K.L.:
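One structure follows; several queries about it will come next.
Quantities reported herein were computed from a predicted structural model and do not represent experimental measurements. Both counts, for ligands and for their atoms, begin at 1 and track the order of listing. Position 1 is the first residue of the sequence; numbering continues from there.
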Amino acid sequence: MHILALLPALCLLLKEAQPWSYQNGIFHNSIWLERAAGVYHRESRLGRYKLTYREAKAVCKYEGGSLATRAQLEAARQIGFHICSAGWYDNGRVGYPINKLGGKCGAGKIGVVDYGVRMNKSERWDVYCYNSKSKECGGIFTDQKRLITSPGFPREYEAQQICYWHIRVRLNQRVCLRFHEFDVEDDVDCTADYLEVYDSYDDVMGLVGKFCGSYLPDVIVSTGNVMTLKFISDASINAGGFKLQYTAINGSLPIRCPDI
Ligand SMILES: *[C@@H]1O[C@H](CO)[C@@H](O)[C@H](O)[C@H]1NC(C)=O
Ligand SMILES: *[C@@H]1O[C@H](CO)[C@@H](O)[C@H](O)[C@H]1NC(C)=O
């Protein structure tokens, strides 16, 4: 079992990194993303800070959305959206939303940290997209349990997929993730196709593992009530895909993940 909860140092780190805050008397963190009026963060298939402005626009467009405007990013920030990664947004600007002081982010200011309009559109950053509709693969799940499969499963998954599953169960619950089938194009560092699991509500912090090949990963249990899965496939060989299930478990009890 892969139980993050048993690693106090790591937990502390993850906790520290979580953007919790009180706002209008309500306890928020990035789990309120789904209310963030459709604003979300994306990075390149190749990793952090790899998108030119043109590519950033293409990433949002691929998911049926567009670059977030400054107003959308600010509206999202006001309800708890906090991400420590600079990304392109509308009109050739770069910035990121900061909700909580501390850490290396935000230069001591709360707000949308704005690098301004970039003269050089070939600079490479992440991106903030806006899309009020959800996309075919991935989504936001708040159910107590759910089966998650690669797009098209049990058929082979398609090339060029980017899927994000953001899971949020109740406060004081944990997410327990169990793999049933797993077959993703194998290569040494999982650079072609891969599934990543984050102990977080976004794909910036709390990476637990990056998986490819046909070895069935261990059970993964979140430290908090959120988890994010990210699946990327490239343009070449595809494979069988995956089927996994998450279950919400009581976070106050010793960790026991149901077998189903
Ligand atoms: C623009 O940015 C890219 C990427 O950082 C860099 O390679 C290029 O030299 C820059 N161009 C100019 C004119 O500064
Ligand atoms: C979780 O477990 C605690 C401790 O036994 C219990 O008090 C609480 O009611 C449980 N929560 C739920 C939602 O079952």
Side-chain angles (χ1 to χ4, degrees), residues 1-8 11-12 14-15 18 20 26-32 34 41-62 67-68 70 73 83-96 104-107 112-129 140-148 162 166-178 191 199-201 203-204 219-228 234 245-260:
M1 263 214 201
H2 201 134
I3 303 174
L4 291 166
L6 299 180
L7 304 170
C11 287
L12 210 71
L14 292 170
K15 221 177 199 150
Q18 263 177 353
W20 296 93
I26 301 168
F27 201 35
H28 288 291
N29 76 352
S30 56
I31 65 175
W32 293 88
E34 70 245 48
H41 164 268
R42 290 290 181 255
E43 62 178 34
S44 157
R45 292 165 188 280
L46 304 175
R48 195 178 198 203
Y49 294 166
K50 294 263 163 42
L51 299 169
T52 65
Y53 185 54
R54 178 201 289 250
E55 290 162 352
K57 279 199 275 195
V59 164
C60 298
K61 191 157 178 245
Y62 179 84
L67 290 172
R70 168 81 193 231
L73 199 54
I83 291 195
C84 215
S85 274
W88 290 105
Y89 59 99
D90 200 25
N91 290 326
R93 303 183 87 93
V94 167
Y96 54 98
K104 279 172 270 163
C105 271
V112 172
V113 177
D114 190 1
Y115 294 177
V117 176
R118 310 309 292 171
M119 299 319 284
N120 182 352
K121 302 288 193 284
S122 304
E123 286 177 1
R124 293 178 185 275
W125 304 98
D126 292 349
V127 62
Y128 289 95
C129 304
I140 290 160
F141 299 118
T142 56
D143 308 337
Q144 288 290 289
K145 62 177 173 183
R146 181 141 187 157
L147 213 55
I148 290 177
I162 309 178
H166 301 283
I167 302 167
R168 172 171 67 80
V169 295
R170 297 180 195 136
L171 266 181
N172 303 321
Q173 289 188 320
R174 295 174 192 269
V175 179
C176 173
L177 190 71
R178 187 179 286 281
T191 48
D199 187 28
S200 153
Y201 201 65
D203 62 333
V204 176
V219 166
I220 297 171
V221 181
S222 67
T223 51
N225 65 327
V226 292
M227 187 181 273
T228 296
D234 69 1
Q245 182 175 31
Y246 81 79
T247 316
I249 58 173
N250 187 332
S252 316
L253 297 177
I255 293 166
R256 196 174 302 129
C257 289
D259 234 339
I260 32 155

K.L.:
Does ligand 1 have any N/O pairs with the protein under 3.5 Å, and how far apart?
P.N.:
{"from": "ligand 1", "atom 1": "2 (O)", "to": "Asn120", "atom 2": "OD1", "distance (Å)": "3.4"}
{"from": "ligand 1", "atom 1": "2 (O)", "to": "Asn120", "atom 2": "ND2", "distance (Å)": "2.3"}
{"from": "ligand 1", "atom 1": "11 (N)", "to": "Asn120", "atom 2": "ND2", "distance (Å)": "2.8"}
{"from": "ligand 1", "atom 1": "14 (O)", "to": "Asn120", "atom 2": "ND2", "distance (Å)": "3.4"}

K.L.:
Scan Asn225, Ile255, Asp199 and name whichever one has a side-chain contact (heavy atoms from CB on, under 4.5 Å) with Arg174.
P.N.:
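Between Arg174 and the candidates, side-chain contact (heavy atoms from CB on, under 4.5 Å) is satisfied uniquely by Ile255.
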K.L.:
Who pairs with Tyr89 by side chain to side chain donor-acceptor pair (under 3.5 Å), at least two apart in sequence or on another chain?
P.N.:
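For Tyr89, the residues satisfying side chain to side chain donor-acceptor pair (under 3.5 Å) (neighbours in sequence not counted) are Asp114.
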K.L.:
Please identify each residue that fulfils side chain to side chain donor-acceptor pair (under 3.5 Å) with Ser122, with sequence neighbours left out.
P.N.:
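Listed in chain order: nothing, the list is empty.
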K.L.:
Mind checking side chain to side chain donor-acceptor pair (under 3.5 Å) for Ser44 and listing every partner two or more places apart, or none if nothing turns up?
P.N.:
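Counting only residues at least two positions away or on another chain, Ser44 forms no side chain to side chain donor-acceptor pair (under 3.5 Å).
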K.L.:
Between Arg48 and Glu43, is the closest basic N to carboxylate O distance under 4.0 Å?
P.N.:
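Not counted as a salt bridge, because no side-chain N and carboxylate O are separated by less than 4.0 Å.
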K.L.:
Please name the residue in the list Thr52, Leu51, Leu67 that meets the side-chain contact (heavy atoms from CB on, under 4.5 Å) test with Lys57.
P.N.:
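Of the listed residues Thr52, Leu51, Leu67, the side-chain contact (heavy atoms from CB on, under 4.5 Å) partner of Lys57 is Leu67.
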K.L.:
Flag Asn250 as yes when one of its N or O atoms lies below 3.5 Å from any N or O atom of ligand 2, and as no otherwise.
P.N.:
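So ligand 2 has an N or O lying under 3.5 Å from an N or O of Asn250.
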